Amino acid sequence: MLSIGLIGCGTIGTSICKAIDDGTIEAELVAIYDRNLDDVDKLLSTLKRSKPQVMEVTEMVKNIDLLVECASQEAVYEIIPSALHAHCDVMIMSVGAFSDEKLYKTIKELAKENKCKVYLPSGAIVGLDGLKSASAEKIYSVTLTTQKPPRGLAGAPYIIRNKIDLDKITGKTVIFEGPASEAVKAFPANVNVAATISLAGIGFEKTKVKIVANPALTRNIHEISVEGSFGEFTTRVENVPSPSNPKSSYLASLSAIATLRKLADPIQTGT
Ligand SMILES: NC(=O)C1=CN([C@@H]2O[C@H](COP(=O)(O)OP(=O)(O)OC[C@H]3O[C@@H](n4cnc5c(N)ncnc54)[C@H](O)[C@@H]3O)[C@@H](O)[C@H]2O)C=CC1
Ligand SMILES: O=C([O-])CC(=O)C(=O)O
């Protein structure tokens, strides 16, 4: 059975652990870790059958097949190289870290050297299949337009740096427009999806991102528009925010669970 270690006991981490605990994912939850011990305790209290040990990454990677990161972009720097050195496969949610080309290259090289896989779930978006197909030929443009209720953008470095008072926003307001490379640094907990799109398509500099605060919304909306030699498509998802973290859409948790279910299943259906 696939043995899993998990870093980040917040919203997505808790959903994944519950899905292992109730058998939705056929895997063993061997170990968990979070820099915030209260989050570890809270997660442990939700589990009925699994009894993961609490251990730091250096110890964890000696005991698992797959390390799951659902913590933060900085955690990707801290834990993924150690996991790959220890021959563990990894699944990463904080994909925005890969806007650092040096980190991306290092992780890709380490994965090759140690014969490991790096899994990046689709997260809170739909349409990566079409984007990946389109990228076999010429793509002219990729644009992500993300709309969130203002509180879903709270705490982002860009909001703090520009002293944007989210409480004063009364109508649909464009907060940011720029390349994905800047968007994922300015909003590290809001548009990791821009990184996933960049990696599947035309890269971090050419992928355009628009972030809109919209007080009329209760959902997180991501629209992806792609134009290429194939033609053009637009996908749009209206995501229910996670109750425990309005920045993260529930679909992101489900996407992580779906990826792990696939990895744990000996039978793979479909192309
Ligand atoms: N790829 C995608 O589509 C999506 C990615 N995300 C990203 O996934 C990650 C997890 O999201 P949530 O569970 O909603 O966040 P959350 O804030 O609910 O939980 C994150 C947990 O990780 C812990 N943590 C953060 N940095 C850490 C570190 N360096 N070492 C150990 N623990 C650390 C925090 O204490 C917290 O308990 C975030 O980076 C988020 O931005 C979220 C939604 C969609
Ligand atoms: O969950 C979402 O809507 C997207 C998100 O936070 C991210 O990509 O970081």
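First listed ligand is number 1; within each ligand, the first listed atom is number 1. This is a predicted model, so every value here is computed, not measured.
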Next on the checklist: Can you tell me if Pro188 contacts ligand 1 (heavy atom of the residue under 4.0 Å from the ligand)?
Outcome noted: yes
Checklist entry - Does Asp34 have a non-hydrogen atom less than 4.0 Å from ligand 1? => result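 Within the 4.0 Å threshold, so yes.
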Using distance alone, determine whether [X] and ligand 1 share an N or O pair under 3.5 Å.
X	answer
Ser249	no
Ala124	yes
Tyr33	no
Glu69	no
Gly8	no
Thr11	yes

The one among [options] that brings a heavy atom closest to [atom]:
atom	options	answer
atom 24 (N) of ligand 1	Gly10, Gly96, Ala71	Ala71
atom 9 (O) of ligand 2	Thr196, Asn192, Val237	Asn192
atom 29 (N) of ligand 1	Glu78, Lys247, Met93	Glu78

Checklist entry - In terms of heavy-atom contacts, does CD of Glu238 have more than 12 from other residues, nucleotides or ligands at under 6.0 Å? => result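 Result for CD/Glu238: enclosed.
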Checklist entry - Is there any N or O on Val193 that sits under 3.5 Å from an N or O of ligand 2? => result yes
Item to check | Ligand-side contact atoms (ligand 1) for residue partner Val193, heavy atom cut-off under 4.0 Å | outcome: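 Once the distances to Val193 are compared, the set is 3 (O).
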Item to check | Residue-ligand contact Gly123/ligand 2, heavy atom below 4.0 Å | outcome: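 Judged by the 4.0 Å heavy-atom criterion, Gly123 does not count as contacting ligand 2.
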